[in-house]
Amino acid sequence: MYNSPRGTTDILPADQAYWRYVEQKAARVCQLFGYQRIDLPIFEDTGLFIKGTGETTDIVQKEMYTFQDLGDNSLTLKPEGTPSVCRAYLEHGMQNLPQPVKLYYFSPIFRYERPQAGRYRQHHQFGIEALGEADAAIDAEVINLAWQFLGSLGIKRFNLFINSIGCPQCRPTYHKALREYYAGHVEKLCADCKVRLERNVLRLLDCKQPGCQAVAAEAPKSIDYLCLECDEHFQKLKNYLGLVGIPFTVNTQLVRGLDYYARTVFEIQPEEEKSQSTLIGGGRYDGLIETIGGKPTPGIGFGCGFERIILNLKKEGIVVAPVPSPQVFIAFLGDNARTEAIKLASSLRNADIGAVVTTSPKSLKAQLRQANNLGIPKAVIIGEDEVKAGVVVLRDMATSQQSTVKPADLPGLLR
RNA sequence: GUGGGUGUAGCCCAGUGGUUAAGGCGUCAGGUUGUGGCCCUGAAGAUCGAGGGUUCAAUCCCCUCCACCCACCCCA
């Protein structure tokens, strides 16, 4: 016996309605905002992530599924979507398209992590990216799209948090201030944070240890150190969000784990926050495309985990429409009827009507039970008498009403 | 990677150091001759997560491993 690999799950027929629902809502909201679908490979050259995602990130340092293929190339199963999209943007000369280029994707994502509720080694993301536009209006649009998406799913309680972490011009000043501040409080920090102080000061801000939180609460805030341009950008973003009526909270301790973020970062959380609860996370990555070999090009986007969305749909008791059943079940009695049943099913399908026939002969009782269990609304019954008369019996499963009809009339009656 | 909890049929679960491991849901089949959903009856389905150990004997005790859940970490 084999099990699915650790941290992976099978998406069974019983759950498909949720997946299709989320996918359809996502595609619809993207269409409403003018974002176009792009599908990308699930593995990429390892270097793309080392450079793009960033060498110091946890993702690159300890979570990638990296392997050599038979041609001795180092490949990596996508640990996130953004670098792939940027690679495709460059590879296909999308700088020459009207800017911004607005894309969305669905992709499995692979990270070697310890599985937990809402955290998997293979999960599925819906993501969008807007490339080639620096104006804060696009930041607001991306956030707006995320907001509308959650709303369209019927999820009621969620909150938006935003922050600005500055740009390469102003961030050094802030980092310096942060380091100086923390230098005075080293003794109060947890072991992890002492390491972070050396490696990635920003991360100190979102440590969950009570001692560290107390220190972080008093720490200098990035928004107080923004350069003129970054500050203006952040003010504009807030204005645009107000314009479309999206409530937000500025969380000055919001930092994201990827190296490439600049200026805007944001997260959407369900109201009752738990440890693996972030529904949507994103931000601006103006340096990324240059890092992977393009001309300096601004970009912003977000990622959204299907599994967590569906967890919340279920938690909020949102009922989704089931994947529709075929319209008709064809029951037969005897070999001659069987022949007719198979031919009839085929011709109904050609007329775009879903039809199911029992594959091995069974009692009529068993066949109707099967129809019932499949949720099929109509049954056609063919016995020897019907074959002789060239008719069939049409039964409505909900009302139990039956009538004798000509096979040729069925498409009209069933459609 | 660290710590804690759990692991009995497809699902939910009872149970015991020793003859055929209980029940519910679901599945399948019957309840007379060609009719589903309710009800009744019956059947199939479990090497009691895996491996090792203790014991005359282990699903139950011990160890290891694996998986899932929870927290840390990280993130979607």
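Each chain gets a letter, A, B and so on, in the order the sequences are listed, and its residues count up from 1. What's counted below: heavy atoms across the whole structure, side chains too, no hydrogens, waters or symmetry copies.
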Where the side chain of [X] is concerned, which of [options] is the nearest nucleotide?
X       : options                : answer
Q116(A) : C73(B), A76(B), G36(B) : C73(B)
D58(A)  : C74(B), C68(B), A71(B) : C74(B)
N373(A) : A29(B), C72(B), U27(B) : U27(B)
R6(A)   : A76(B), C68(B), A29(B) : C68(B)
A117(A) : C69(B), G36(B), C75(B) : C69(B)

Would you say the base of [N] and the side-chain of [X] have a donor-acceptor pair closer than 3.5 Å?
X       : N      : value
R114(A) : C68(B) : no
K365(A) : G31(B) : yes
N372(A) : G36(B) : yes
Q367(A) : G34(B) : no
R119(A) : C74(B) : yes
R395(A) : G36(B) : yes
S400(A) : G37(B) : yes

Could you tell me how far apart [X] ([atom1]) and [N] ([atom2]) are, to the nearest whole angstrom?
X       : N      : atom1 : atom2 : answer
I309(A) : C75(B) : CD1   : P     : 19 Å
I382(A) : U35(B) : CD1   : C1'   : 14 Å
R121(A) : C68(B) : CZ    : P     : 8 Å
M397(A) : C38(B) : CE    : C1'   : 14 Å
E63(A)  : G1(B)  : CD    : P     : 12 Å
E113(A) : U2(B)  : CD    : P     : 15 Å
F49(A)  : C75(B) : CZ    : P     : 16 Å
Q122(A) : A67(B) : CD    : C1'   : 17 Å

Fill in: Under 3.5 Å: donor-acceptor pair, side chain of T53(A), backbone of I50(A)
no
Worksheet item: Sub-3.5 Å donor-acceptor pair from the side chain of R415(A) to the main-chain atoms of I353(A), do we have one?
Response: no
[atom1] atom, [N] versus [M]: distance in rounded Å?
N      : M      : atom1 : answer
C28(B) : U64(B) : C1'   : 41 Å
G30(B) : G52(B) : P     : 44 Å
G7(B)  : G49(B) : P     : 8 Å
G10(B) : G1(B)  : C1'   : 35 Å
U6(B)  : C60(B) : C1'   : 16 Å
C11(B) : A50(B) : C1'   : 22 Å
G23(B) : G42(B) : P     : 11 Å
U27(B) : G36(B) : C1'   : 16 Å

Using a cut-off of 4.0 Å on non-hydrogen atoms, how would the nucleic acid contact of [X] be classed: base, sugar-phosphate, or nothing?
X       : result
G81(A)  : nothing
G127(A) : nothing
L279(A) : sugar-phosphate
F302(A) : nothing
A379(A) : nothing
I59(A)  : nothing
E386(A) : base

Worksheet item: K62(A) or F306(A): which one's nearest nucleotide on RNA chain B is closer to the 5' end?
Response: K62(A)
Discussion item. Reading RNA chain B from 5' onward, which residue's closest nucleotide shows up sooner: H124(A) or L368(A)?
Written reply: L368(A)
Worksheet item: Quick one: are the ring centres of Y112(A) and F110(A) less than 6.0 Å apart?
Response: no
Worksheet item: Strictly under 6.0 Å, is that where the ring centroids of F149(A) and F126(A) end up?
Response: yes
So, are [X] and [Y] salt-bridged, with charged N and O less than 4.0 Å apart?
X       : Y       : result
K156(A) : E316(A) : no
E180(A) : K176(A) : yes
D15(A)  : K314(A) : yes

[N] pairs with, by Watson-Crick or G-U criteria that keep both distances under 3.5 Å:
N      : value
U33(B) : none
C60(B) : none
C11(B) : G24(B)
C65(B) : G49(B)
G1(B)  : C72(B)
U19(B) : none

Worksheet item: OP1 or OP2 of U27(B) sitting under 4.0 Å from any side-chain N/O of R369(A)?
Response: no
Worksheet item: Do Y65(A) and Q122(A) meet the criterion of a side-chain donor-acceptor pair at a distance under 3.5 Å?
Response: no
Discussion item. Just by distance, no angles: are the side chains of Y181(A) and E218(A) close enough, under 3.5 Å, to form a donor-acceptor pair?
Written reply: no
